[in-house]
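Quick caveat, the model's predicted, so the values are computed rather than measured. For ligands, and for the atoms within them, numbers begin at 1 and follow the listed sequence. Residue indices begin at 1 and follow the sequence shown. What you see below is based on every heavy atom in this structure, not just the backbone, and it leaves out hydrogens, waters and symmetry mates.
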Amino acid sequence: MAEKPIILGIETSCDETAVSLIQDDQTGIPKILSNVISSQFDVHKEFGGVVPELAARSHIEKIDLIAKEAIRESRVNLDKVSAIAATAGPGLIVCLTVGLNFGKAMAMSLNIPFIGVNHLEGHALSPKLHSKLDYPYLLLLISGGHSQYLSVNGLGNYKRLGTTIDDALGEAFDKTAKLLGIEFPGGPKLEKFAQKGNPNKYELPKPIINKGGCNLSFAGLKTAILRITKKIKSDQEKFDLAASFQKTIEDILFIKTKKAFEEFNKFNLQDEKKFVVAGGVAANEGIRKKLIEVSNQNNFQTIFPDLKLCGDNAAMIAMVGLEKYKIKQFDSLDLSANPRLSLDVDAKFLKGAGVKL
Ligand code: KG4
Ligand code: ZN
């Protein structure tokens, strides 16, 4: 029997340098042979956000070491690797270029196919690394740069049902955390803060909650938080504001997800409906609970990526690489990074990484 394909994935779109090797498996769920992630939190902490030039320099310094570690951990000989998949966009151009060029050089020296991957498609397919998941399914992608409801109809085949009209949800978490004096990266820490507070203390706005279909908006929330933080003095008030923010987000997602279910149901008639929640914010426990509740009420089965696959990682990039490898959807070595690569069918044409738009 022919050996199952092995894909080496590379991710450097923002502040994580990551390399992973995965292998196809007869179970339909690939094996993660290694999944090495190096975060740059310490590099950017003092600036309160990601500094692109520093991020790129850190990727350059680390990429070969991370790749070596991932290959060693996987116990795979390089001559057994079937293809190299690297994130081509969206992200910071100076960062994307590091991983993309490293991947192209590897593919060229090993004389194997090179596959450019849309980072968002990586998040979209991330649960396939541990769960059997057939198309179509409804996706809520909530990360630092994106917040979208999409119908995932196939590889490279996405229909947008709703999107944020201003800030991304991860961005709203990070900005609120900053206003509350929580150090970078604030999103995950804000949830811990919220657990010590009263979620009903502050009434916060829920922008476009009764209009705009399943579009989202978080900018008004940030303005309200800014106004309140100017008045609060005690730590307890900060905890209460964090808790009120967390609850407001949960309520917004509950209502908007119900609308997204209705939209999805209009053109998907199958009995078993699946709802995937992916991206960094999908690690939020309160959001997970609330989305399971709304899914149960509407006969959708919720699937979350494992916690270590919610944030940026290279296993999800290799996952997309594996699906593209199976249908021989390869890219040429002159593929360039595209910082604005999109999944939306409604977005205007953006060249690169083979995603149909
Ligand atoms: O998917 P991701 O790792 O990177 C992007 O592609 O953007 O998402 C990062 C975002 C950050 O904004 C981070 O604060 C947020 O996900 N995040 C969280 C949690 N964990 C990560 N937000 C809320 N609660 C969490 N537990
Ligand atoms: Zn991401």
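- Less than 6.0 angstrom separates the ring centroid of Phe173 from the ring centroid of Phe245.
- At least one heavy atom of Gly145 sits less than 4.0 Å from an atom of ligand 1.
- If you look at Asp312 and ask which of its N, O or S atoms sits nearest the Zn ion (ligand 2), the answer is OD1.
- Residue, atom and distance of the protein heavy atom nearest to atom 20 (N) of ligand 1 are Gly280 O, 3.4 Å.
- Only the side chain of Asp174 comes within 4.0 Å of ligand 1, counting heavy atoms alone; its backbone N, CA, C and O stay farther away.
- Between His119 and His123, the ring-plane angle classifies as perpendicular under the 30° and 60° cut-offs.
- On a distance-only criterion, Gly170 and ligand 1 share at least one N/O pair closer than 3.5 Å.
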Walk me through it: do Lys4 and Asp25 pass the test side-chain contact (heavy atoms from CB on, under 4.5 Å)?
CA-CA 7 Å; Lys4 295 279 178 197; Asp25 193 83; 6.0 Å; no

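- In terms of protein heavy-atom proximity, atom 24 (N) of ligand 1 is closest to Asn284 ND2, 3.0 Å.
- Proximity of Phe264 to Leu139: side-chain heavy atoms (C-beta onward) are nowhere separated by under 4.5 Å.
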Does the pair Phe261 and Phe275 meet the rule for a ring pair (Phe, Tyr, Trp, His ring centres under 6.0 Å), with working shown?
CA-CA 9 Å; Phe261 289 155; Phe275 174 44; 5.2 Å; yes

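- Here the CG atom belonging to Asp134 is positioned 11.5 Å from the OG atom belonging to Ser131, to the nearest 0.5 angstrom.
- Near Gly144, meaning under 4.0 Å from any of its heavy atoms, are these atoms of ligand 1: 5 (C), 7 (O), 8 (O), 9 (C), 10 (C), 12 (O).
- Asp166 has no carboxylate O lying under 4.0 Å from a charged side-chain N of Lys222, or vice versa, which leaves the two without a salt bridge.
- Looking from atom 25 (C) of ligand 1 to the surrounding protein, the closest heavy atom is Pro188 CA, 3.7 Å.
- Remark: the Glu250 side chain and the Gln246 side chain contain an N/O donor-acceptor pair separated by less than 3.5 Å.
- Within the 2.8 Å limit, His119 places at least one N, O or S atom next to the Zn ion (ligand 2).
- Distances below 4.0 Å separate heavy atoms of His123 from the following atoms of ligand 1: 1 (O), 6 (O).
- A salt bridge is absent between Lys259 and Glu262; no separation between the charged side-chain nitrogens and carboxylate oxygens falls under 4.0 Å.
- Residue contact annotation: His123 places an N/O/S atom under 2.8 Å from the Zn ion (ligand 2).
- Considering backbone and side-chain N/O of Glu16, none are found under 3.5 Å from N/O of ligand 1.
- For ligand 1 and Val281, the ligand atoms under 4.0 Å from any heavy atom of the residue are 15 (C), 16 (O), 18 (C), 22 (N), 23 (C).
- A salt bridge links Lys175 with Glu171; the closest basic N to acidic carboxylate O contact falls under 4.0 Å.
- Taking the charged nitrogens against the carboxylate oxygens, Lys178 and Asp174 have no contact shorter than 4.0 Å, which rules out a salt bridge.
- For ligand 1, the polar-atom distance check against Gly279 finds no nitrogen or oxygen pair separated by under 3.5 Å.
- Regarding atom 2 (P) of ligand 1, its nearest protein heavy-atom neighbour is Asp312 OD1, 3.4 Å.
- Close N/O approach between Gly311 and ligand 1 is not found [any backbone or side-chain N/O within under 3.5 Å].
- No hydrogens or angles considered: a donor-acceptor pair under 3.5 Å links the side chains of Lys273 and Asn265.
- Atoms of ligand 1 found under 4.0 Å from any heavy atom of Glu191, numbered from 1 in the order shown, are 26 (N).
- Heavy atoms of His119 approach ligand 1 to within less than 4.0 angstrom.
- Heavy-atom distances between Glu285 and ligand 1 stay at or above 4.0 Å for every pair.
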